[in-house]
There are 2 protein chains.
Amino acid sequence: MTGQVRTVDGRVAGRRGQATRQKLLDCLSEMLSSSPYRDVKVIDVARKAGTSPATFYQYFPDVEGAVLEIAEQMAAEGAGLTELLEGRSWAGKSGWQTAQELVDGFLEFWRKNDAILRVVDLGAAEGDKRFYKLRMKILNSVNNSLADAITALQDKGRVDKDVNPAAVAGSLVAMLAAVAAHQKGFSSWGVKQAELKPNLALLVHLGVTGKKPTK
Amino acid sequence: MTGQVRTVDGRVAGRRGQATRQKLLDCLSEMLSSSPYRDVKVIDVARKAGTSPATFYQYFPDVEGAVLEIAEQMAAEGAGLTELLEGRSWAGKSGWQTAQELVDGFLEFWRKNDAILRVVDLGAAEGDKRFYKLRMKILNSVNNSLADAITALQDKGRVDKDVNPAAVAGSLVAMLAAVAAHQKGFSSWGVKQAELKPNLALLVHLGVTGKKPTK
DNA sequence: ACTTGTCCTGTCATGCCGTCAGCTTACCGA
DNA sequence: TCGGTAAGCTGACGGCATGACAGGACAAGT
């Protein structure tokens with residue numbers, strides 16, 4: 001399905017080419033972590049990778065294109081977030097645990113990929129469909145699972161009928177993503193990591209079940 | 001308090017100068033709405049304002065500096081968000097109304113200033129203290145009011161002692177900001193504006209009081 | 001009209017962008 | 001072993017954005 005990796009001008013990339021390509025991606029990724037997105041220049045990435053700007057343009061149309069590539073790789077990993085919710089129960093003590101583990105996994109994933117996720121977020125907010133789709137891909141797994149859980153509880157009569165599962169799930173996921181993106185911010189707000197997590201889990205649990213968790 | 005408006009090289013700006021300066025800010029603001037942040041160039045802003053790049057650099061050190069200026073103006077308006085919470089009650093039906101009005105006001109403010117807020121968000125996430133402070137300034141009013149409300153309920157014994165008001169308030173505000181930033185996204189997720197608002201209000205109410213609202 | 005200080009722009013050096021022709025390297029079949 | 005072919009890389013170039021400066025235009029007061 002993936003087809004071959006190709007250069008901009010249509011040649012197929014061999015072993016060496018793919019290595020160079022990957023090195024450029026790695027260096028770009030590193031640069032994104034260390035300097036503002038607006039200031040990341042092709043020439044710097046190329047220098048860091050020990051090659052020339054022209055080489056960069058052989059493999060990517062522009063910086064944005066390369067960023068999309070990195071994000072794509074990350075999104076594949078991100079699909080693993082589904083596991084945080086698959087087959088979990090939202091009832092009683094296990095419900096509390098489900099919420100906690102979701103928060104934990106989510107924050108961890110975000111911290112690991114914060115630089116690239118910032119850019120994806122920006123692209124999506126600016127209305128770029130490619131970034132928007134990518135953001136969906138990452139969040140959708142969690143979002144759908146949450147929405148399903150709410151719908152299930154609704155069918156059992158444990159959650160009000162006038163709750164819109166998709167809206168609530170989407171809002172909760174957006175909250176998780178936003179808090180994760182500004183994790184450092186919270187600490188200077190006087191809120192420590194360790195305190196943040198249970199409170200987030202509480203909000204998630206409240207949102208899904210409408211009730212306080214039993215701990 | 002504001003002192004005089006000054007050019008980069010230290011001169012005080014007169015009437016005409018301030019007008020030009022403001023025009024540049026307006027044009028920059030417009031450009032931010034219509035093209036990606038990364039692609040906004042000084043020369044385009046200057047052209048749009050009917051002047052030259054050199055003039056731009058008389059008033060601002062760079063694009064980022066001008067963005068900070070715009071954001072500062074907006075932050076002043078943003079302080080008005082406090083009114084959404086001042087003296088409001090979180091009990092019974094009025095509690096539900098408080099939540100609704102907060103959500104309404106917040107989304108409205110965000111939609112009106114979405115372009116500049118995106119950039120502020122990015123800057124803050126990238127760790128730039130100037131943007132971070134600005135973001136705080138905007139969100140703090142709402143955040144503090146929410147935290148105070150939770151603390152008050154806690155003192156009355158209506159909210160569990162192990163809830164951290166600052167963490168919950170911060171998370172709720174982050175949720176509002178994130179949902180506001182991706183409002184368009186939700187609609188293509190199959191969630192309409194009108195449906196989104198009450199569900200957001202529900203989450204806010206749940207977070208603050210720990211209970212479902214009485215409508 | 002002259003002076004003074006503000007305001008704007010022409011111009012220039014510098015540096016990055018994005019492209020191309022052309023050189024080098026690796027692979028493969030004869 | 002030896003071309004032949006395609007992959008891989010780079011120097012170089014026109015073009016544009018940046019940022020600095022000096023000098024001209026303009027408004028206001030004398």
Side-chain angles (χ1 to χ4, degrees), chain A residues 2-28 30-32 34-70 119 123, chain B residues 2-32 34-70 119 123 128:
Chain A
T2 63
Q4 289 153 311
V5 179
R6 286 184 175 275
T7 58
V8 170
D9 55 335
R11 287 194 315 238
V12 293
R15 252 197 311 282
R16 191 153 68 111
Q18 293 202 26
T20 306
R21 199 181 125 99
Q22 190 57 49
K23 185 158 195 179
L24 284 168
L25 286 178
D26 292 344
C27 291
L28 172 56
E30 220 175 305
M31 300 238 59
L32 285 175
S34 61
S35 45
Y37 179 47
R38 201 167 195 281
D39 297 341
V40 171
K41 308 290 178 194
V42 170
I43 198 171
D44 298 322
V45 177
R47 258 202 285 266
K48 200 179 185 67
T51 179
S52 79
T55 302
F56 182 94
Y57 287 106
Q58 274 222 322
Y59 295 106
F60 311 103
D62 49 26
V63 173
E64 213 181 51
V67 167
L68 272 168
E69 193 79 14
I70 298 176
V119 180
Chain B
T2 64
Q4 286 153 313
V5 178
R6 285 183 176 276
T7 58
V8 169
D9 54 337
R11 281 195 326 240
V12 293
R15 251 195 313 281
R16 194 153 66 111
Q18 293 203 25
T20 306
R21 197 181 128 100
Q22 190 58 48
K23 186 160 196 179
L24 284 168
L25 286 178
D26 293 344
C27 290
L28 171 56
S29 202
E30 219 175 305
M31 299 239 61
L32 284 175
S34 61
S35 45
Y37 177 47
R38 205 170 192 284
D39 298 341
V40 171
K41 305 291 178 195
V42 170
I43 198 170
D44 297 322
V45 177
R47 257 202 286 267
K48 201 179 185 67
T51 178
S52 80
T55 302
F56 182 95
Y57 287 106
Q58 275 225 320
Y59 295 106
F60 313 103
D62 49 26
V63 173
E64 211 181 52
V67 167
L68 272 168
E69 193 79 14
I70 298 176
V119 180
D128 187 308

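Residue numbering restarts at 1 for every chain, and letters A, B, ... go by the order of the sequence lines.
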With the side chain defined as heavy atoms from C-beta on, Ile43(B) is closest, among dC17(C), dG8(D), dA17(D), to dA17(D)

Taking dG8(D), dA28(D), dC8(C) as options, the one with an atom nearest any side-chain atom of Thr20(B) is dC8(C)

Check the distance between [N]'s [atom2] and [X]'s [atom1] and give it to me in whole angstrom.
X        : N       : atom1 : atom2 : value
Asp44(B) : dC16(D) : CG    : P     : 12 Å
Arg11(A) : dG22(C) : CZ    : P     : 15 Å
Arg16(B) : dA28(D) : CZ    : P     : 9 Å
Met31(A) : dC16(C) : CE    : P     : 12 Å
Gln18(A) : dA26(C) : CD    : P     : 17 Å

TODO: Return no unless some side-chain N or O of Arg6(A) is found under 4.0 Å from OP1 or OP2 of dA7(D).
DONE: no

- Message: Can you tell me if Arg21(A) touches the phosphate of dG8(D), counting only side-chain N or O atoms and a distance under 4.0 Å to OP1 or OP2?
- Response: no

If we only count heavy atoms from C-beta on, is the Val67(A) to Glu64(A) side-chain gap below 4.5 Å? no

How about Val12(A) and Arg6(A): do any of their side-chain heavy atoms sit closer than 4.5 Å?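 They are in contact (side-chain heavy atoms under 4.5 Å apart), so the answer is yes.
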
- Message: Can you list, in residue-number order, the parts of residues 47-59 of chain A that come under 4.0 Å of DNA chain D, counting heavy atoms only?
- Response: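 Nucleic-acid contacts, sorted: Thr51(A), Ser52(A), Ala54(A), Thr55(A), Gln58(A), Tyr59(A).
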
CG-CG distance between Leu32(B) and Asp39(B), expressed to the nearest 0.5 angstrom =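 Output value for this atom pair is 11.0 Å.
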
Check against salt bridge (Lys or Arg N to Asp or Glu O under 4.0 Å), Lys23(B) and Asp26(B):
CA-CA 5 Å; Lys23(B) 186 160 196 179; Asp26(B) 293 344; over 6 Å; no

Within residues 34-42 of chain A, those residues having any heavy atom closer than 4.0 Å to DNA chain C are Lys41(A), Val42(A)

